[in-house]
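What you see is a predicted model; the values in this text were computed from it and never measured. Just so it is clear: chains get the letters A, B, ... in the order the sequence lines come, proteins before strands, and each one is counted from 1.
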Protein chains: 2
Amino acid sequence: MPAQVPSGYDPRAFEPFAVTVDLAVFTLWENRLHVLLVRRGEDPHRGRWALPGGFLQPRESAGAAARRELAEETGLSAATAADLHLEQLRTYSDPDRDPRMRVVSVAYTALGPGLPEPRGGGDALDARWVPHGAQGPLAFDHDAILADAHERVGAKLEYTCLATAFCPPEFTLGELRQVYEAVWGVPLDRPNFRRKVLATPGFVRPVEGPPRLTGGRGKPAALYRAGDATALHPPLLRPARPERRETTA
Amino acid sequence: MPAQVPSGYDPRAFEPFAVTVDLAVFTLWENRLHVLLVRRGEDPHRGRWALPGGFLQPRESAGAAARRELAEETGLSAATAADLHLEQLRTYSDPDRDPRMRVVSVAYTALGPGLPEPRGGGDALDARWVPHGAQGPLAFDHDAILADAHERVGAKLEYTCLATAFCPPEFTLGELRQVYEAVWGVPLDRPNFRRKVLATPGFVRPVEGPPRLTGGRGKPAALYRAGDATALHPPLLRPARPERRETTA
DNA sequence: ACAAAAGTGTTGCGCGTACACCCATGT
DNA sequence: ACATGGGTGTACGCGCAACACTTTTGT
């Protein structure tokens with residue numbers, strides 16, 4: 001710790017810390033949750049799949065770095081990248097998480113509607129949407145980061161309006177429901193979901209105009225836009241798993 | 001960003017980043033929420049109150065640094081500091097948050113039962129428990145960190161068993177309820193709170209033995225210990241306030 | 001006697017769940 | 001005609017807010 005240093009910081013504090021951002025980018029594609037991965041072109045873990053990310057620039061906040069890397073390393077258009085919902089997840093700082101040097105990484109979670117196929121950019125060999133759960137072991141501690149990100153997204157769907165971030169500007173309630181079903185991995189009751197969403201003020205806002213077909217079949221659905229609310233009161237809890245039993249007999 | 005570098009990282013990535021931890025330590029004292037603050041002995045902000053914290057050592061994770069600083073800079077005994085519940089909050093990385101150099105800070109939240117008065121240690125002139133809300137403007141961006149920490153703790157009380165971290169090993173349900181009341185700033189209905197807690201499996205575990213007096217008055221209360229559960233299903237929602245704001249930055 | 005805090009009982013309403021049912025469109 | 005998805009209606013039951021009430025201690 002910095003002890004009796006009259007002015008300035010302890011020089012030992014200036015060990016070569018590198019600061020990076022890592023991104024867990026989720027999207028929905030054909031009703032399945034996908035995550036954006038890049039194939040590393042450099043050692044360590046050359047050829048392994050990893051989360052996109054990179055170093056902070058000298059006068060750049062971690063959030064700004066995350067948005068820049070999102071555009072650069074994935075080849076998504078600047079407009080597409082700017083529309084993504086970006087949120088800090090947590091920071092990973094284990095001394096041995098990078099075998100070569102000390103790297104502290106601030107992880108971010110990004111969400112977006114059905115997105116175009118990315119191209120590898122920067123030092124990545126390739127970039128691809130991979131169905132969540134189908135990815136092999138990732139480089140560094142990225143498996144843990146991805147798991148944390150998925151858990152966080154699932155939890156935030158319960159008590160925030162985050163789900164609209166997965167949807168295009170105009171969407172149907174069926175599409176919104178599929179966000180929940182894809183992330184949580186459970187089917188939801190359609191009528192109840194509809195009522196719950198519409199009963200939450202500011203969650204969605206109806207769009208004037210004709211309905212739209214969704215899956216090519218069925219009755220055309222009314223369109224909605226994201227509202228201005230940010231929190232859900234009361235929350236939309238995921239269905240209780242069968243394992244837990246309550247003793248209220 | 002690191003572009004075509006055949007091996008090793010881009011040298012520009014090694015800008016002098018310093019990595020620190022900052023701590024928002026809460027406790028309950030006379031039924032009021034208090035925060036641990038230190039008075040800075042060094043510039044910048046010499047003499048101003050601030051959150052305790054310090055630099056990461058070369059081979060130390062942020063969590064380890066947080067626990068070390070907690071003991072060192074506050075003068076709390078090692079045993080006391082080890083008992084505190086410690087949890088990562090988020091990372092603050094604005095390039096201008098420290099006027100002299102680039103400092104990225106990983107903030108932590110710590111909770112503990114009624115704690116002894118701390119002594120200033122390290123480079124702090126003084127260390128003190130300050131009633132939450134009564135602190136003046138803090139150094140750096142610590143006002144924002146403290147506000148985020150308080151919001152996070154309040155939210156986590158709703159859906160986790162975090163409240164027991166504010167209590168000594170053995171506590172009464174009245175003491176547990178005062179945790180909620182102090183953090184949320186609202187009174188709760190005693191009978192309903194009791195039923196809710198006891199109906200949640202694993203939240204608390206009764207202790208064999210005689211009851212204990214709490215405030216010196218009233219009927220002695222049964223004692224409980226923290227259970228092994230970590231999450232609350234269903235959550236214990238705070239009473240509907242007129243309105244609440246969310247800060248997503 | 002009174003105050004203060006623990007603990008028990010009871011009632012009513014709201015919301016969530018689980019359905020049944022009709023509507024509109026494509027094949 | 002049938003499948004598919006959107007949208008409406010409804011009934012049951014749990015959870016919880018809201019009290020009223022008893023018990024046990026200190027002053």
Side-chain angles (χ1 to χ4, degrees), chain A residues 28 30-31 157-159 167 170-182 184 186-201 203-204 206-207 209-224 232-242 244-249, chain B residues 30-31 157-159 167 170-182 184 186-201 203-204 206-207 209-224 232-241:
Chain A
L28 243 63
E30 290 177 348
N31 294 351
L157 287 186
E158 289 188 322
Y159 57 95
C167 295
E170 300 196 340
F171 53 88
T172 69
L173 293 183
E175 289 164 348
L176 187 66
R177 182 174 42 81
Q178 282 163 0
V179 171
Y180 281 85
E181 293 180 335
W184 287 350
V186 294
L188 297 179
D189 184 88
R190 248 178 294 175
N192 295 333
F193 178 83
R194 173 190 184 79
R195 267 187 294 263
K196 176 72 183 174
V197 170
L198 294 180
T200 303
F203 194 173
V204 297
V207 170
R212 196 192 70 193
L213 273 175
T214 31
R217 290 244 257 274
K219 182 178 176 176
L223 293 174
Y224 294 85
L232 251 52
H233 283 291
L236 196 126
L237 300 175
R238 22 188 166 187
R241 290 283 182 74
R244 234 175 236 125
R245 198 64 201 103
E246 188 105 7
T247 56
T248 46
Chain B
E30 292 178 346
N31 293 351
L157 287 186
E158 288 188 322
Y159 57 95
C167 296
E170 300 196 339
F171 53 88
T172 70
L173 293 183
E175 289 165 348
L176 188 65
R177 182 173 42 81
Q178 282 163 2
V179 171
Y180 281 86
E181 292 180 335
W184 288 349
V186 294
L188 297 179
D189 183 88
R190 249 176 295 178
N192 294 332
F193 178 84
R194 173 191 184 78
R195 267 186 295 264
K196 176 71 185 176
V197 169
L198 294 180
T200 302
F203 193 174
V204 297
V207 170
R212 196 192 69 193
L213 273 173
T214 32
R217 287 224 266 286
K219 180 178 179 175
L223 292 175
Y224 295 85
L232 252 52
H233 283 291
L236 198 132
L237 300 174
R238 28 190 159 182
R241 282 272 195 75

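Taking only side-chain nitrogens and oxygens, Lys196(A) comes nearer than 4.0 Å to OP1 or OP2 of dG16(C). In this model, the phosphate group of dG6(D) is approached by a side-chain N or O of Arg190(A) to a distance below 4.0 Å at OP1 or OP2. Contact check, Arg177(A) against dG6(D): a side-chain N or O comes under 4.0 Å of OP1 or OP2.
Counting to the nearest Å, the C1' atom of dG15(D) and the CG atom of Leu188(B) are 16 Å from each other. dA18(D) atom C1' lies 17 Å from atom CZ of Phe193(B), rounded to whole Å. In this entry the distance linking CD of Glu158(B) with P of dC16(D) reads 13 Å, nearest Å. In this entry the distance linking CZ of Arg194(B) with C1' of dG9(C) reads 13 Å, nearest Å. Between Leu223(B) atom CG and dA6(C) atom P the separation is 12 Å, expressed in whole Å. Atom NE2 of His233(B) and atom P of dG16(C) are 16 Å apart (whole Å). Between the P atom of dG16(C) and the CG atom of Leu237(A) lies a distance of 9 Å, rounded to the nearest Å. We find that CG of Leu236(B) is positioned 14 Å from P of dG15(D), with the value rounded to whole Å.
The side-chain contact (heavy atoms from CB on, under 4.5 Å) search around Asn31(A) returns Gln178(A), not counting sequence neighbours. Annotation: side chain to side chain donor-acceptor pair (under 3.5 Å) contacts of Arg195(A) (sequence neighbours excluded): Asn192(A). Residues passing the side-chain contact (heavy atoms from CB on, under 4.5 Å) test with Glu175(B), sequence neighbours excluded: Phe171(B), Thr172(B), Arg212(B), Thr214(B). Residues that satisfy the side-chain contact (heavy atoms from CB on, under 4.5 Å) test with Arg194(B), not counting sequence neighbours, are Leu173(B), Leu198(B), Tyr224(B). Applying the side-chain contact (heavy atoms from CB on, under 4.5 Å) criterion to Glu170(A), with sequence neighbours excluded, gives Val207(A), Leu223(A), Arg225(A).
Considering all non-hydrogen atoms of both residues, Glu158(B) and Trp184(B) come closest at CG-CZ2, 3.5 Å. Between Lys196(A) and Leu236(A), the shortest heavy-atom contact is CG-CD1, 2.9 Å. The two residues Leu157(B) and Leu232(B) have their closest heavy-atom pair at O-CD2, 4.1 Å.
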I'd like a table of atom pairs between the protein and nucleotides 9-13 of chain D - only N or O on both sides, under 3.5 Å - with the distance next to each one.
from, atom 1, to, atom 2, distance (Å)
dG9(D), N7, Arg195(A), NH1, 3.1
dG9(D), O6, Arg195(A), NH2, 3.0
dT10(D), O4, Arg195(A), NH2, 3.2

Checklist entry - How does protein contact run along nucleotides 21-27 of chain D, one letter per nucleotide 5' to 3', with B for base contact, S for sugar-phosphate only, - for none, heavy atoms under 4.0 Å? => result --BBBS-
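Comparing dG16(C), dG7(C), dG7(D) against the side chain of Ala222(B) picks out dG7(C) as the nearest.
Atom CZ in Arg177(B) sits 5.0 Å away from atom CZ in Arg190(B) (nearest 0.5 Å).
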